[in-house]
Protein chains: 2
Amino acid sequence: MSGQNISKSTLQRLPLYLNHLKSLPENTSGNISATAIAEAIKLNDVQVRKDLASVSKSGKPKVGYNTKELIKELEVFLGYENNNNAIIVGAGKLGMALMGYIGFKEYGLNILMAFDTDKNVVNEQELVMPIEKLPEICRRMRIKIGIITVPASFAQEVCNLLVESGVLAIWNFAPVHLNVPDGILVQNENMAASLAVLSNHLSEKMNN
Amino acid sequence: MSGQNISKSTLQRLPLYLNHLKSLPENTSGNISATAIAEAIKLNDVQVRKDLASVSKSGKPKVGYNTKELIKELEVFLGYENNNNAIIVGAGKLGMALMGYIGFKEYGLNILMAFDTDKNVVNEQELVMPIEKLPEICRRMRIKIGIITVPASFAQEVCNLLVESGVLAIWNFAPVHLNVPDGILVQNENMAASLAVLSNHLSEKMNN
DNA sequence: TAGATTGTTAATCGATTAACAATC
DNA sequence: TAGATTGTTAATCGATTAACAATC
């Protein structure tokens with residue numbers, strides 16, 4: 001029912017709108033226009049209007065959107081009121097950091113535990129489990145989101161294991177392409193790609 | 001000289017190519033074609049060929065690229081052999097995790113220290129400095145890269161401070177748009193956007 | 001009524017992909 | 001020479017933006 005036929009680029013802008021709305025002082029009139037949002041976050045107003053139209057039917061000509069209502073609609077649409085359980089594979093620095101990061105709770109993501117092959121990092125008290133237990137735990141707890149923070153060379157293997165264990169969406173921090181069957185989503189968080197952009201900008205700047 | 005006129009999308013794919021090349025066994029013929037790379041990472045072959053053409057002149061018809069040479073060219077282009085010093089603003093969980101993450105070294109990124117406004121987290125022995133020292137340190141050490149991991153509501157303010165302190169490229173982990181003067185690059189690493197994509201996929205799956 | 005705003009249809013733009021010519 | 005591959009020019013596609021009609 002929710003979230004059909006919405007482009008990935010639209011989807012990725014929605015949190016920006018939500019964040020902006022939440023940052024507004026409570027006292028303001030109660031309504032806000034797509035134009036005002038666009039102005040604030042430096043996007044095209046038609047784009048914002050189109051994006052919002054795919055989430056809400058409550059926009060009114062001359063009036064705009066009721067701010068609180070729109071916030072609510074965005075939160076529901078983005079699933080911030082759900083509690084999506086997830087697990088992490090790869091209990092290195094990055095993996096443990098993500099597991100410890102409380103900020104994801106706000107977005108409805110609940111990271112339950114991590115898995116690793118390395119016996120030295122496994123520590124069941126601290127919720128770092130041996131990888132062998134992954135399939136059974138994922139099935140039993142109906143985990144649908146897997147986060148991959150292993151080195152690139154192991155990522156595909158881990159991905160396969162997650163898919164076999166019933167995971168439907170994968171958040172991939174390894175800088176590699178993952179092959180998955182139809183119906184499984186891979187969202188890449190490629191920090192190497194970001195660094196490429198930063199580094200390229202600097203080398204352009206420096207050589208002028 | 002390096003890195004002119006190259007699209008952001010191309011730039012972001014380059015690390016994937018490099019990673020794939022490095023993953024190949026040493027013993028293979030020594031040459032590789034754009035077609036083979038494209039096949040391996042499931043991209044269009046023309047796209048790979050175009051991307052590589054913007055980095056290397058060493059491709060030869062019928063032969064392809066010399067693997068080692070291409071690896072070298074990509075590494076140089078991506079600045080992996082440089083040592084770009086960077087600082088982090090926001091010494092919370094995420095900030096400290098990024099600071100502790102050794103993986104960035106490989107990409108030529110060297111995170112020297114973190115800054116925070118909170119006196120309780122400041123700890124100069126552990127390289128967490130009070131924000132007041134940021135401008136002077138950045139100028140003195142000629143820091144060109146700033147990483148923002150503060151809450152969304154402080155991000156613009158921190159961004160301004162970084163720009164005033166001579167930073168030229170900003171890696172922004174806060175889910176907000178940042179306004180910067182011409183010539184300053186902002187690269188957004190918007191995890192909320194990624195989570196939106198994951199969550200939307202799950203809600204589609206669940207409602208079928 | 002006039003103005004502000006929504007939502008839609010059409011035009012533009014950039015990136016991807018296809019077709020093809022050049023070459024070791 | 002024939003085949004594989006590069007690199008380029010043209011076609012396609014999707015997303016963004018502009019123009020405009022509808023409406024509180």
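Here is how names work: the chains are called A, B, and so on, in the same order as the sequence lines, proteins then strands, and each is numbered from 1.
- A donor-acceptor contact under 3.5 angstrom links the side-chain atoms of A/K50 to the base of D/dT17.
- Under 4.0 angstrom from either OP1 or OP2 of C/dG14 there lies no side-chain N or O belonging to B/S7.
- Nucleotide D/dA15 holds its P atom 12 Å from the CD atom of A/Q12, rounded to whole Å.
- Note that the CD atom of A/Q187 and the NZ atom of A/K8 stand 4.0 Å from one another [nearest 0.5 Å].
- Under the 3.5 Å distance criterion, the side-chain polar atoms of B/E81 are left unmatched by any main-chain donor or acceptor of B/E75.
- The shortest distance between the side-chain N/O atoms of A/R49 and the OP1/OP2 oxygens of C/dT6 is below 4.0 Å.
- Taking side-chain N and O atoms only, A/Y65 has a distance below 4.0 Å to OP1 or OP2 of C/dG7.
- In this structure, D/dC20 and C/dG7 make a Watson-Crick or G-U wobble pair, each of the two defining distances being under 3.5 angstrom.
- To the nearest angstrom, C1' of C/dA22 lies 14 Å from NZ of B/K62.
- Look at CD on A/E39: it is 15 Å from C1' on C/dT5, rounded to the nearest Å.
- Separating the NZ atom of A/K60 from the P atom of C/dG7 is a distance of 9 Å, rounded to the nearest angstrom.
- The CG-P distance, from A/L70 to C/dT6, rounds to 10 Å in whole Å.
- The pair A/E69-A/K57 does not meet the salt-bridge criterion, since no charged nitrogen lies less than 4.0 angstrom from a carboxylate oxygen.
- B/T35 has a side-chain polar atom (N or O) that falls below the 4.0 Å cut-off from OP1 or OP2 of D/dT6.
- A donor-acceptor pair is defined here as one N or O able to donate and one able to accept, closer than 3.5 Å; such a pair exists between the side chain of A/S54 and the backbone of A/D51.
- Across the protein-nucleic acid pair, B/Q47 atom CD and D/dG7 atom C1' stand 15 Å apart, rounded to whole Å.
- Between the P atom of C/dT8 and the CG atom of A/L52 lies a distance of 13 Å, rounded to the nearest Å.
- Taking atom CG on B/N44 and atom P on D/dC13, their separation rounds to 13 Å, with Å as the unit.
- Taking for each of A/V46 and A/V63 the nucleotide of DNA chain D with the nearest heavy atom, the 5'-most of the two is the partner of A/V46.
- A/T10 comes within contact range of no nucleotide atom at all, as no heavy-atom separation falls under 4.0 Å.
- Across all strands shown, D/dA15 forms a Watson-Crick or G-U wobble pair, both distances under 3.5 Å, with C/dT12.
- The CG atom of B/L11 lies 12.0 Å from the NE2 atom of A/H201; values are rounded to the nearest 0.5 Å.
- When each of D/dA15, D/dC24, C/dT17 is scored by its nearest atom to the side-chain atoms of A/S9, the top-ranked nucleotide is D/dA15.
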